[in-house]
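Read the structure below first, then the notes.
Quick note on labels: first sequence line is chain A, next is B, and so on, each numbered from 1. Note that the structure is a prediction, hence the values are computed from the model and not measured.
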2 protein chains.
Amino acid sequence: MNAPTASVSLNNIKVACSQCNLRELCLPVGLTEQEFSKLDALVGGRRKVKRGQSLYRAGDPFEAIYAIRTGFFKTDLLLEDGREQVTGFLMAGEIMGMDGISNEAHTCNAVALEDSEVCGIPYAMLEQLQQEIRALQHHFYKVMSREIVRDQGVMMLLGSMRAEERLAAFLLNLSQRFTARGYSPTDFHLRMTREEIGSYLGLKLETVSRALSAFQESGLVNVQQKHIQIVDIDGMKKMLSRQANC
Amino acid sequence: MNAPTASVSLNNIKVACSQCNLRELCLPVGLTEQEFSKLDALVGGRRKVKRGQSLYRAGDPFEAIYAIRTGFFKTDLLLEDGREQVTGFLMAGEIMGMDGISNEAHTCNAVALEDSEVCGIPYAMLEQLQQEIRALQHHFYKVMSREIVRDQGVMMLLGSMRAEERLAAFLLNLSQRFTARGYSPTDFHLRMTREEIGSYLGLKLETVSRALSAFQESGLVNVQQKHIQIVDIDGMKKMLSRQANC
DNA sequence: AGCCCGGTTTGATCTGTATCAATGTAGGAA
DNA sequence: TTCCTACATTGATACAGATCAAACCGGGCT
């Protein structure tokens with residue numbers, strides 16, 4: 001009965017947004033000191049989530065949204081027959097759980113792909129605080145809107161692109177997000193398996209593997225298991241803009 | 001030259017949300033009379049959009065969100081090479097344009113599939129009013145969250161389902177939305193072409209047509225061009241829950 | 001060291017959907 | 001009415017990606 005609760009329970013080390021080095025990613029700019037202190041009071045506490053554990057599951061009552069402090073998550077949906085669809089990969093500074101607002105219950109699972117730590121932000125208190133801090137309201141709408149735009153992009157990818165285009169779009173997207181976090185745009189470590197990438201991209205794991213091999217063959221990337229080095233980032237971008245058939 | 005601007009210009013017939021028979025779909029429940037009158041003052045005016053015309057296009061500056069009073073829209077994205085991805089179909093009482101919040105510009109096109117009328121809601125004023133009406137803030141977050149959940153469902157569909165499952169999910173979704181508007185759950189008129197359905201579902205128009213024929217063959221629906229009659233709605237639902245291969 | 005095991009790569013073959021092509025149909029304009 | 005045009009259906013064939021299968025790798029354990 002190695003219940004997962006032990007290591008995922010809330011702990012009460014207060015998180016100070018005002019001190020967090022991710023605040024540029026996660027929060028609106030230009031908050032006053034006073035506003036920061038209100039925010040610090042709001043954020044419920046950190047929670048550690050070990051690799052493989054769920055932060056929340058589809059059906060769980062919705063209480064909070066979560067900002068990732070460290071680590072890496074996937075969100076996914078399960079069909080009754082067991083088919084899985086990964087709907088997103090999330091990294092430090094990104095915000096998760098907004099799907100839960102509409103039904104007061106989460107609609108997807110959030111699973112840590114490496115040992116991670118999140119800040120829980122009780123939703124009722126967040127709504128309250130937005131009455132006091134206009135910039136926060138504005139910012140949070142932007143965050144949700146960004147999620148909608150991201151989802152549209154994934155639809156485009158799943159509905160209109162071929163396998164190699166999907167993978168190129170995926171790698172470029174990761175590259176850009178790692179860059180925004182101060183990591184190399186061209187050298188990174190994939191936290192997810194080929195199968196999870198495939199699920200996200202609507203492909204089978206073998207197809208992902210073959211596409212990566214093909215990229216390597218044509219000198220676009222070096223692949224060594226989970227370590228990816230993008231050799232020709234412009235060539236990669238061209239994969240996305242070129243005609244369907246050439 | 002027959003510039004579309006003439007017929008899509010704003011007109012100033014005031015819209016009264018308090019009188020609108022779609023308010024249950026579009027607004028939070030339980031607003032006081034006073035709150036309604038504030039809301040009536042906010043809504044900018046109606047705008048007619050003729051079949052085939054755009055309400056807004058990708059890149060347009062974001063100023064307002066829109067509630068559909070009457071009619072039917074699609075939203076879509078275009079890739080440089082001309083490929084189109086339809087990202088949604090929207091009907092009366094539904095709200096459009098929230099993708100624009102994040103970048104202060106719309107990221108998709110909204111095109112009327114039949115002569116339609118919308119209520120424009122200036123976004124800056126909406127944010128303002130939410131400070132005064134808590135229920136409105138809560139409701140609007142729910143609306144955005146619902147959009148995120150819907151998008152997740154589309155990802156599931158595009159990433160994990162086969163052609164006939166996608167079409168079944170699509171028809172059942174339409175059926176449910178028509179029902180909520182007081183129309184027949186089993187008899188309806190498709191406003192979009194097979195090609196647009198295909199784009200939405202990540203299929204070619206011929207595949208959509210064949211799948212419809214197959215449903216008709218097996219007694220699930222009657223199809224006569226754009227008129228659809230669902231004969232066996234339970235059979236249809238079973239298409240979604242059964243195993244991938246049987 | 002040696003083994004195990006989850007994850008990955010690669011090959012051979014199959015299949016669902018795309019593509020190409022021809023015909024059919026309904027509704028609008030003259 | 002007849003023609004025209006956009007849309008839809010149906011058939012034949014091609015192909016991208018799925019599936020099945022076998023080897024391969026690398027990291028953790030004893």
Touch class at under 4.0 angstrom, heavy-atom based, for A/Ser209 against every strand present: base
Length of the CG-C1' vector between A/Leu167 and C/dT9, whole Å: 15 Å
Candidate nucleotides D/dG17, C/dA18, D/dA8, ranked by approach to the side chain of B/Thr207 - the nearest: C/dA18
Selection from C/dT8, D/dT9, D/dT19 that lies nearest to any side-chain heavy atom of A/Lys204: D/dT19
Pair B/Tyr200 and B/Phe89, ring centroids less than 6.0 Å apart: yes
B/Thr186 versus B/Gln229, side-chain donor and acceptor atoms under 3.5 Å: no
Touch class at under 4.0 angstrom, heavy-atom based, for A/Gly198 against every strand present: nothing
A/Phe178 and A/Phe72 aromatic ring geometry - parallel, tilted or perpendicular at 30°/60° bounds: parallel
Along DNA chain D (nearest heavy atom to each residue), the more 5'-positioned of B/Arg194 and A/Val208: B/Arg194
Rounded distance (nearest 0.5 Å) linking atom SG of A/Cys26 with atom CD1 of A/Ile121: 6.0 Å
Touch class at under 4.0 angstrom, heavy-atom based, for B/Leu205 against every strand present: base
Rounded interatomic separation in angstrom, taking CD from B/Gln224 and P from D/dC7: 19 Å
Residue whose nearest DNA chain D nucleotide is more 5′ - A/Leu203 or A/Gln225: A/Leu203
Base C/dC20 to side chain B/Glu206, donor-acceptor N/O within 3.5 Å cut-off: yes
Spacing between B/Ile197 atom CD1 and D/dA8 atom C1', to the nearest angstrom: 11 Å
Check: B/Arg210 side chain, C/dG16 base, donor-acceptor under 3.5 Å: no
Gap between atoms CG and P, on B/Leu158 and C/dT17 respectively (whole Å): 13 Å
